[in-house]
Peer 1: 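Pasting in a structure now, in C-alpha cells, and then I'll have a few things to ask.
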Amino acid sequence: MKKKTLAKVYEPAEVEKEWLERWIRDGLFTAETDSQRPAFSMVIPPPNITGSLHLGHALNNTLQDIMARYKRMRGYNVLWVPGVDHAGIATQNVVERQLKEEGTTRQELGRERFIERVWRWKEESGGTIVNQLKRLGASCDWTRLRFTMDEGLSRAVKEVFVRLYKEGLIYRADYIINWCPRCRTALSDLEVEHEHRDSFLWYMEYHLADSSGSVTVATTRPETMLGDVAVAVNPEDKRYRHLVGKTLTLPLAGREIPVIADPSVDKEFGTGAVKITPAHDFNDFEVARRHGLEPLRVMDAEARMNENARGFEGLPRFEAREKVVEELKKEGLLKKEERYSVLIGVCYRCRTVVEPTLSKQWFVKVGPLAGPAIEAVEAGRIRFIPKNWERTYFEWMRNIRDWCISRQIWWGHRIPAWHCTGCGHITVSATDPERCEGCGRSGISQDPDVLDTWFSSALWPFSTLGWPDRTVEQELFYPTSALFTSFDIIFFWVARMIMMGLKFKGDVPFADVYIHALIRDAEGQKMSKSRGNVIDPLVMIEKYGTDALRFTLTALAAQGRDIKLAEERIEGYRNFANKLWNLARFTLMNTEGARTGDVGPRDYTTVDKWIITRLSRCTKEVSGAIENYQFDVAAKAVYTFLWHELCDWYVELIKPDLRGEKGEDRKRAASGVLVTVLKDTLKLLHPFMPFITEEIYSYLPSTDTYIMRSSFPEPRGEYPAEAQKTESVMDVIRAVRNIKTEMNIPPGTELDCVCFTRDASAAEALKEGRDHLKNLARIGALTVTEGGERPAQAAFAVARGKDGGPAIEVFVPLKGHVDIDSEIKRLTKELEKTGRDLSSVEKKLSNDRFLERAPRDVVEKERQKLNAILDKKAKIEASIKRIRGIGE
RNA sequence: GGGCGGAUAGCUCAGUUGGGAGAGCGCAGCCCUUACAAGGCUGAGGUCACAGGUUCGAUCCCUGUUCCGCCUACCA
C-alpha cells in the first residue's frame, strides 16, 4: 500500500508506464501449463508487421483484454496468445520502397539477400505494433509472442500444404486468376476490391469471313479483342440463330473465330452478342472451356500487350485500348461509343486495376473443407455473436470458389514443391528433398512462389500452440474459447481458420466468434489516411490516457453497429477517469482510522444498505453483460453507478458521518463502507480501465498485491426496503431543490419543509433522513405527518419514486419568498403533464376489451396508476387553489 | 442481381420475453457547497421515417414504401 496524497488531477502517463512494467515483470499475463484451474484462451488477430496501432486494433484488443482480465479475476487460467503477421505483399512493398530510395531493386539484390534484408527490417521496425499493444494494456502472454514466419509456424505451414496436396486438396493448374500488374502477383478473389468508374461501352463490328454479313459486339475492354477466340450469342436469340457456327474475321488481328451459342449470354445487354476472351475474363474463360476453345493470352506480367497482339506489342493495356479504338474507327468498324459506368477490380494493396489473367497457379480445393465448416456453425459448435453474421458466413461458404494460394513474390512461406528439370514431376515435401521422387534425379528446383499470407493465418489457432507437435498448450487451450474480430475478415480469416482447424485438429478452432464494430469518424466516414480523418489512438493515449480511450471505445461498442467516434467522447470519459480519481482522493482523506477489513451488514445504516443494494445490482449487471459480450452495457452500468449513485448521492449523504458528526463508531463504519464499495467498484472497472484502478487500489488497504489478481466482486446482498426508504429521501430532496430553482430562490436559502405521507415506512425514512434533507436540500425545520392542515403560502410538489414508491406531499412554506405567479405557472405546468398521463390511463381503463383481455396484473397496475394520478392531480389542484387564495 | 443493417431529443446512440419514451454530449439557468469547474444543482427538448396489418394495446411483431449505409456478384 502506497502512502502519499493523490494529486488533484489524474496524470496517466507515469502511472501507466509503471504498472505495465510491474505486471509483466511479475508474470501476471503469463498462462500456466500446470494449473488445475479452468482454461480460457484466445488468439489475437495478428496485426501486420508493417502496421501501426489504429483504432480498429485498439478496439479489438481492448475488448479482448476486458474478457481476459475478467476471466482471470473469475479464476480462470487465461492464455491470450499475441502475435504478428508477416503480411507478404505489404511488407515486400515497404522494403522495396526502401531499396528504390537507395537506387536499387530486389531483382538486383537477388532473392536471398532480399529476404535477409526483409528480416533485418523486421528486427529493426517490426516491434512497433507489439509495443503499442502493450501500451494499450493488452494483457497478452508476451512470453509466447509468435510470428507467422517463425520456424515453428513455418513447419506447420509446410505440414498442412503437404497433407492437403497428398489428399488432392491442393492442386496446380492453368486457370484464370486476378493478376496485379504492379505487384506482379496473383491475388485471391478476396484481395480484389470493386469500384465503379466512368467509362464507355464500345460497339465493334466483326465481319463474317465470307463477307455475307457482320455481328456487332459491345465491350468495356476493346484492347482484349486481340485475344478473342469467339463471339457468343444466346441459343434462344432468334436474331443470331442463323449465324451460329459461322466464322468471323477478327478485325486488326485477321484471325478467324467462330460464332458460338452459350446460355450465359444475356440477350438484353448490348447487342446480345459478346466477344469471348478467355485469357483475360473470368466469364469468357468458362465459356471457352465449355466449348473447347483455346485461350490466347495477349498481355504480359505488367499488363503490356505481348507478342500475340501483333502491331500492339509492348503497349500498356490502356494505351492499347486507345489505339484499338482508333484503328477500328479508321476501318469504320466502331459503331458506337456509349457512356457507361463499369465495375472494375483493383488490388487491395496498391489500387492498381487488376488484370484477369490465365496462368499456372496453386489452388486449394475448398469444397470438401467447406462442408464440415458449415456444419460446425449449423450445429452450434461455433457461435457467432451477434448471430446474424452466421448468415453472411453461410452465404459465402456455400458459394465458395477454389482459393488461389500462390503469390509471385519473395517474402512469405515458399511453396514446398520441387520441379524436376528431367521428368517434370513435382515433388511436394515438408523437408527439402535431394532428388526427384519421380525419376530419382537430382536436377530439381523449388517452386519460386510463396503462399498467400492468409494461408498461414488460417492455421493460427493451433500453429501458435505448437502444432504439428503434441504440446500441453494444445491439450489445455485448444479449442480456444473466443475469437474477437471485425466483420471485414470473416471470409479472409475466420472461415479459413474454421476449415483448417476442423481438418487438422479435428475440432473447431474456437467456440465463440464475437464480431465487433468498425470505427468511423464523427460523420460516419471510414477513417483513412487519404481522407485525413484518422484519429490516432496513440495521440489520444498521450492526451487523455489509455484508460479513457479504452473506456470510450468500449462504451460505444454496441453490438451490430459501427462506432462513430469524435474526440469529445474521449474527453468525456477522461473526465470520468478523473471523477474516479477524485472519489479515491476523497475516500483516502477519510480513511484514517477506518475499519480495516470488510464491514458487514451489522454496520449498515439505511443509506449504506441502499448503496450496497445498488452496488449488488451493478455487479450482477456487469458480469452478466461481459459474459454476453455486451461490453457497452457493462461499461455504462459501472459509469452510472460510480458517478450518479456513489458520487452524487452516497458520498454526499455520508459526509456528515465521515466528519464524525454521528460519533466515532459511525465515522469508522462509514469510511469502512465507503472503502468497501470503492474497492468493489474498482474491481468491476478494472477490466475496462486497468491502469487507474490498479493505481488507486495500491493506495487502499487491501489483501491482494494487485487488483489484477483479485477476485471479481460477488453481489453483497440487496435490501429493497431500506433502498426504497433512501429513494424516498432522495425524492424529497429533489422536490425541494426543484422548487427552489424554479422559484428563483438561491439554493442556500433555508426554508422549512412539511411532508405528508400515509406510508409509515416513508414517514420513518424522512424522520431518519432529517439531516440528509437539511444538508442536501438546505432546509430548516422538517415536519412529517400523515396529513392535516396544509401550510398556507407554500410551494407544493408530489414526490414519488420512479418505481412507484409511496406518495409524499412536499410543502415548502414561502413566507417572504412568495412569488405567486411563478408558483402558479410551475404548478399549472405540472398539472398539464399529469393531465396527459391521466388521459392515456383513462383511455385504457374505459376500454372493455382491455379489461377483458389484458392480463390481470396489467389491469391492476393501470388501476393503481390511475389512482395515483388522480391523487396527484387533486393535490396539485388544491395547491393552486390555495395559492390563488393567498393572492386574493 | 443477391444479402445484411440502419432511420428514436440539436448530435451520437440505448431501449432482449409488445403494457407509463432513456443515456451521454450539446444547450439554458443557477452555484467557486474544503474529493473533483475535467465539478455540482435544476431544466428545456421526441406524432419513435411513412403507409397498412396482427393485437385489448405496437418504438418493439408482420407486409409494403421512401431514404441512407455496408457486404457480395463473371451483364460483356
Side-chain angles (χ1 to χ4, degrees), chain A residues 6 8-10 176 189 194 201 217-221 224 232 264-266 268-277 281-287 340 342-343 356 388-389 391-392 395-396 399 487-488 490-491 518 520 522 524 526 544 548 555-556 558 560-566 568-569 571-590 628 630 632-633 636 639-640 644 647-648 651-652 655 733-734 737-742 744-748 775-776 778 804 837 840-841 843-844 847-855 857-859 861-862 865 869:
Chain A
L6 269 50
K8 205 168 170 178
V9 168
Y10 173 58
I176 185 144
D189 297 341
H194 299 274
L201 196 55
V217 297
T219 182
T220 57
R221 303 206 52 200
T224 63
S264 72
V265 179
D266 180 352
E268 311 302 322
F269 189 88
T271 60
V274 58
K275 58 193 237 19
I276 299 298
T277 322
D281 184 281
F282 283 88
N283 187 48
D284 293 0
F285 180 81
E286 296 298 337
V287 174
Y340 191 68
V342 285
L343 191 61
N388 19 341
W389 290 110
R391 214 178 234 279
T392 306
E395 184 71 18
W396 189 67
N399 299 306
F487 68 85
D488 50 341
I490 290 178
F491 306 144
L518 213 66
R520 300 170 183 282
K526 213 166 171 175
Y544 302 107
L556 298 181
R561 197 184 260 275
D562 288 345
I563 296 177
K564 290 185 192 169
L565 185 69
E568 300 85 76
R569 308 305 297 265
E571 194 183 344
Y573 288 108
R574 183 272 315 264
N575 295 354
F576 173 63
N578 196 51
K579 187 77 183 175
L580 167 62
W581 183 254
N582 276 287
L583 169 66
R585 209 159 80 92
F586 174 80
T587 306
L588 287 168
M589 285 175 181
N590 290 283
N628 288 313
Q630 295 174 302
D632 60 319
V633 172
K636 283 172 190 161
Y639 180 98
T640 303
H644 298 305
C647 290
D648 287 353
V651 165
E652 295 304 326
K655 271 181 178 171
I733 290 171
R734 275 190 278 253
R737 281 172 173 171
N738 174 276
I739 286 169
K740 284 191 179 175
T741 302
E742 302 222 340
N744 289 318
I745 298 166
N775 291 323
L776 301 186
R778 308 298 292 273
D837 292 344
S840 110
V841 178
K843 193 175 149 198
K844 272 189 189 172
N847 184 341
D848 290 340
R849 295 172 70 88
F850 173 72
L851 298 176
E852 272 167 41
R853 305 205 184 183
D857 59 316
V858 172
V859 176
K861 208 174 141 198
E862 289 297 315
K865 204 195 295 175
I869 293 170

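Proteins get letters first, then strands, A, B, ... in listed order; numbering begins at 1 in each.
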Peer 1: Using whole Å, what does the distance between atom P of nucleotide C71(B) and atom CG of Asp488(A) come to?
Peer 2: 9 Å

Peer 1: Within this structure, what is the NZ-to-P distance between Lys740(A) and G43(B), rounded to whole angstrom?
Peer 2: 15 Å

Peer 1: So what's C61(B) paired with, Watson-Crick or G-U wobble, going by both distances under 3.5 Å?
Peer 2: G53(B)

Peer 1: Once you apply the 3.5 Å cut-off to both distances, tell me the Watson-Crick or G-U wobble partner of A7(B), or none.
Peer 2: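 Looking at the geometry, A7(B) pairs with U66(B).
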
Peer 1: Could you check whether any side-chain N or O of Asp281(A) sits under 3.5 Å from a backbone N or O of Asn283(A), counting only pairs where one atom can act as donor and the other as acceptor?
Peer 2: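 Judged by distance alone, yes, a pair lies under 3.5 Å.
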
Peer 1: Can you check the distance between C68(B) and C50(B), where both ends of the measurement are the C1' atom (answer in whole Å)?
Peer 2: 15 Å

Peer 1: Counting any heavy atom closer than 4.0 Å, what does Asn388(A) reach on the DNA or RNA strands: base, sugar-phosphate only, or nothing?
Peer 2: sugar-phosphate

Peer 1: Figure out the NZ/C1' separation between Lys655(A) and U34(B), and round it to whole Å.
Peer 2: 9 Å

Peer 1: Do the side-chain N or O atoms of His194(A) get closer than 4.0 angstrom to the phosphate oxygens (OP1, OP2) of C71(B)?
Peer 2: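 Negative; the distance criterion is not met.
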
Peer 1: Check every strand shown and say whether Asp632(A) touches a base, only sugar-phosphate, or nothing at a heavy-atom separation below 4.0 Å.
Peer 2: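 Contact class for Asp632(A): none.
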
Peer 1: Looking only at atom C1', what distance separates C71(B) and G29(B), rounded to whole Å?
Peer 2: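 About 49 Å, rounded to a whole number of Å.
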
Peer 1: Heavy atoms only, 4.0 Å cut-off, all strands: where does Phe491(A) land among base, sugar-phosphate and nothing?
Peer 2: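 Sugar-phosphate, no base atom in range.
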
Peer 1: From C-beta outward on His644(A), which listed nucleotide comes closest to its side chain: G39(B), C36(B), G24(B)?
Peer 2: G24(B)

Peer 1: Could you tell me how far apart Arg569(A) (CZ) and C11(B) (C1') are, to the nearest whole angstrom?
Peer 2: 9 Å

Peer 1: With a 4.0 Å cutoff (strictly under), does any side-chain N or O of Arg737(A) reach OP1 or OP2 of U42(B)?
Peer 2: yes

Peer 1: Let me confirm one number: the CD1-CG distance from Ile739(A) to Asn744(A), rounded to the nearest 0.5 Å.
Peer 2: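 These two atoms lie 13.5 Å from each other.
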
Peer 1: Need the pair for G1(B). Rule: Watson-Crick or G-U wobble, both distances under 3.5 Å, any strand; none if unpaired.
Peer 2: U72(B)

Peer 1: Quick one: does any side-chain atom of Lys579(A) pair with a main-chain N or O of Cys647(A) as donor and acceptor, under 3.5 Å?
Peer 2: no

Peer 1: How far does the P atom of A49(B) sit from the matching atom of C30(B), given to the nearest Å?
Peer 2: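 Their P atoms lie roughly 37 Å apart.
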
Peer 1: Roughly how many Å apart are G40(B) and C48(B), using the P atom of each and rounding to a whole number?
Peer 2: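 Taking atom P in both C48(B) and G40(B), they lie 32 Å apart.
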
Peer 1: Can you tell me if the side-chain N/O atoms of Tyr340(A) get under 4.0 Å from OP1 or OP2 in A76(B)?
Peer 2: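 True: Tyr340(A) side-chain N/O within range (under 4.0 Å) of A76(B) OP1/OP2.
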
Peer 1: Using a 3.5 Å distance criterion without hydrogens, assess whether the side chain of Arg737(A) forms a donor-acceptor pair with backbone atoms of Pro747(A).
Peer 2: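 The answer is no, because no donor-acceptor pair under 3.5 Å joins these two groups.
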
Peer 1: Report which part of the nucleic acid Leu556(A) touches: base, sugar-phosphate, or nothing (heavy-atom distance under 4.0 Å, all strands).
Peer 2: nothing

Peer 1: What is the distance from atom OH of Tyr340(A) to atom OG1 of Thr219(A), rounded to the nearest 0.5 Å?
Peer 2: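 So the OH of Tyr340(A) and the OG1 of Thr219(A) are separated by 10.5 Å.
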
Peer 1: If you round to the nearest 0.5 Å, how far is CG of Leu201(A) from CZ of Phe269(A)?
Peer 2: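 It is 5.0 Å, given to the nearest 0.5 Å.
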
Peer 1: From the list A38(B), G19(B), G29(B), which nucleotide is the closest neighbour of the side chain of Thr741(A)?
Peer 2: G29(B)

Peer 1: Mind checking the CD-CG spacing from Glu862(A) to Leu851(A)? Nearest 0.5 Å is all I need.
Peer 2: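 Here the rounded value is 10.0 Å.
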
Peer 1: Asn578(A) side chain to Val9(A) main-chain N or O, any donor-acceptor pair under 3.5 Å?
Peer 2: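 No; zero donor-acceptor contacts below 3.5 Å.
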
Peer 1: Within the pair Asn738(A) and G43(B), is there a side-chain N or O less than 4.0 Å away from OP1 or OP2?
Peer 2: yes

Peer 1: Taking a pair as Watson-Crick or G-U wobble with both distances under 3.5 Å, which nucleotide is matched to C27(B)?
Peer 2: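 When the pairing criteria are applied, G43(B) turns out to be the nucleotide that pairs with C27(B).
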
Peer 1: Tell me the interatomic distance from Asn582(A), atom CG, to G40(B), atom C1', rounded to whole angstroms.
Peer 2: 13 Å

Peer 1: Taking the minimum atom-to-atom distance to the side chain of Tyr639(A), which one of C25(B), G20(B), C74(B) wins?
Peer 2: C25(B)

Peer 1: Only pairs with both distances under 3.5 Å count, Watson-Crick or wobble alike; so what is the partner of G22(B) in this structure?
Peer 2: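 When the pairing criteria are applied, C13(B) turns out to be the nucleotide that pairs with G22(B).
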
Peer 1: At 4.0 Å (heavy atoms only), tell me whether Val265(A) reaches a base, stays on the sugar-phosphate, or touches nothing.
Peer 2: base

Peer 1: Pick the nucleotide of RNA chain B nearest each of Glu395(A) and Val633(A); which residue has the one closer to the 5' end?
Peer 2: Glu395(A)

Peer 1: Identify whether any heavy atom of Thr219(A) sits under 4.0 Å from a base atom; if not, whether one sits that close to sugar-phosphate; answer base, sugar-phosphate or nothing.
Peer 2: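 Thr219(A): backbone/sugar contact only, no base atoms under 4.0 Å.
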
Peer 1: Return the nearest nucleotide to the side chain of Glu742(A); candidates are G20(B), U42(B), A76(B).
Peer 2: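 Of the options given, the side chain of Glu742(A) lies nearest U42(B).
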
Peer 1: Given atom CG of Asn744(A) and atom C1' of C31(B), what is their separation to the nearest angstrom?
Peer 2: 13 Å

Peer 1: Report which part of the nucleic acid Pro356(A) touches: base, sugar-phosphate, or nothing (heavy-atom distance under 4.0 Å, all strands).
Peer 2: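 Nothing: the residue Pro356(A), judged by heavy atoms under 4.0 Å, touches no strand.
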
Peer 1: Give me the distance, rounded to whole Å, that separates G24(B) from A14(B) when you measure between the C1' atoms they each carry.
Peer 2: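 Rounded to whole Å, the distance is 10 Å.
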
Peer 1: So, is Lys8(A) close to the A37(B) phosphate, meaning a side-chain N or O under 4.0 Å from OP1 or OP2?
Peer 2: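 For A37(B), OP1/OP2 do have a side-chain N/O of Lys8(A) under 4.0 Å.
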
Peer 1: Counting only side-chain N and O atoms of Asn775(A), is one of them less than 4.0 Å from OP1 or OP2 of U33(B)?
Peer 2: no

Peer 1: If the cut-off is 4.0 Å, is Lys636(A) near the phosphate of G22(B), judged by side-chain N/O to OP1 or OP2?
Peer 2: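 Indeed not, no polar side-chain atom of Lys636(A) lies that close.
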
Peer 1: Centre-to-centre under 6.0 Å for Tyr573(A) and Tyr544(A), is that the case here?
Peer 2: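 Here the rings of Tyr544(A) and Tyr573(A) have centres that are no less than 6.0 Å from each other.
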
Peer 1: Please evaluate the base of U16(B) for a donor-acceptor partner in the side chain of Gln630(A) within a cut-off of under 3.5 Å?
Peer 2: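 Yes, the side chain and the base share a sub-3.5 Å donor-acceptor pair.
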
Peer 1: Write down the distance separating the C1' atoms in U54(B) and C62(B), rounded off to the nearest Å.
Peer 2: 7 Å

Peer 1: Between G24(B), C4(B), A35(B), which one does the side chain of Leu583(A) approach most closely?
Peer 2: A35(B)

Peer 1: Does Val342(A) reach a base, just sugar-phosphate, or nothing at all? Heavy atoms under 4.0 Å.
Peer 2: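 Here Val342(A) touches no strand at all.
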
Peer 1: How far does the C1' atom of G5(B) sit from the matching atom of G45(B), given to the nearest Å?
Peer 2: 29 Å

Peer 1: Reckon Val651(A) touches a base, only the sugar-phosphate, or nothing at all at heavy-atom distances under 4.0 Å?
Peer 2: base

Peer 1: For nucleotides G53(B) and U47(B), find the distance between their P atoms and express it as a whole number of Å.
Peer 2: 23 Å

Peer 1: Between C31(B) atom P and Glu652(A) atom CD, what is the distance in whole Å?
Peer 2: 19 Å

Peer 1: Nearest nucleotide by nearest heavy atom, which residue falls closer to the 5' end of RNA chain B, Tyr573(A) or Phe269(A)?
Peer 2: Tyr573(A)

Peer 1: Could you give the CZ-to-P distance, from Phe487(A) to G3(B), as a whole number of Å?
Peer 2: 19 Å

Peer 1: With a non-hydrogen cut-off below 4.0 angstrom, is Arg585(A) in contact with a base, only sugar-phosphate, or nothing?
Peer 2: sugar-phosphate

Peer 1: Is the distance from OP1 or OP2 of G3(B) to the nearest side-chain N or O of Arg391(A) less than 4.0 Å?
Peer 2: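 Answer no for this pair, as no side-chain N or O of Arg391(A) is under 4.0 Å from OP1 or OP2.
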
Peer 1: From the list C30(B), C74(B), A76(B), which nucleotide is the closest neighbour of the side chain of Phe282(A)?
Peer 2: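 Among C30(B), C74(B), A76(B), the one nearest the side chain of Phe282(A) is C74(B).
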
Peer 1: Once you apply a heavy-atom cut-off of 4.0 Å, does Arg734(A) come out as touching a base, just sugar-phosphate, or nothing?
Peer 2: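 Answer is sugar-phosphate: Arg734(A) comes under 4.0 Å of backbone atoms only.
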
Peer 1: Is a side-chain donor or acceptor of Asn399(A) paired with a backbone partner of Glu395(A) at a separation under 3.5 angstrom?
Peer 2: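 Yes, the answer is positive, given that a donor and an acceptor are paired below the 3.5 Å cut-off.
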
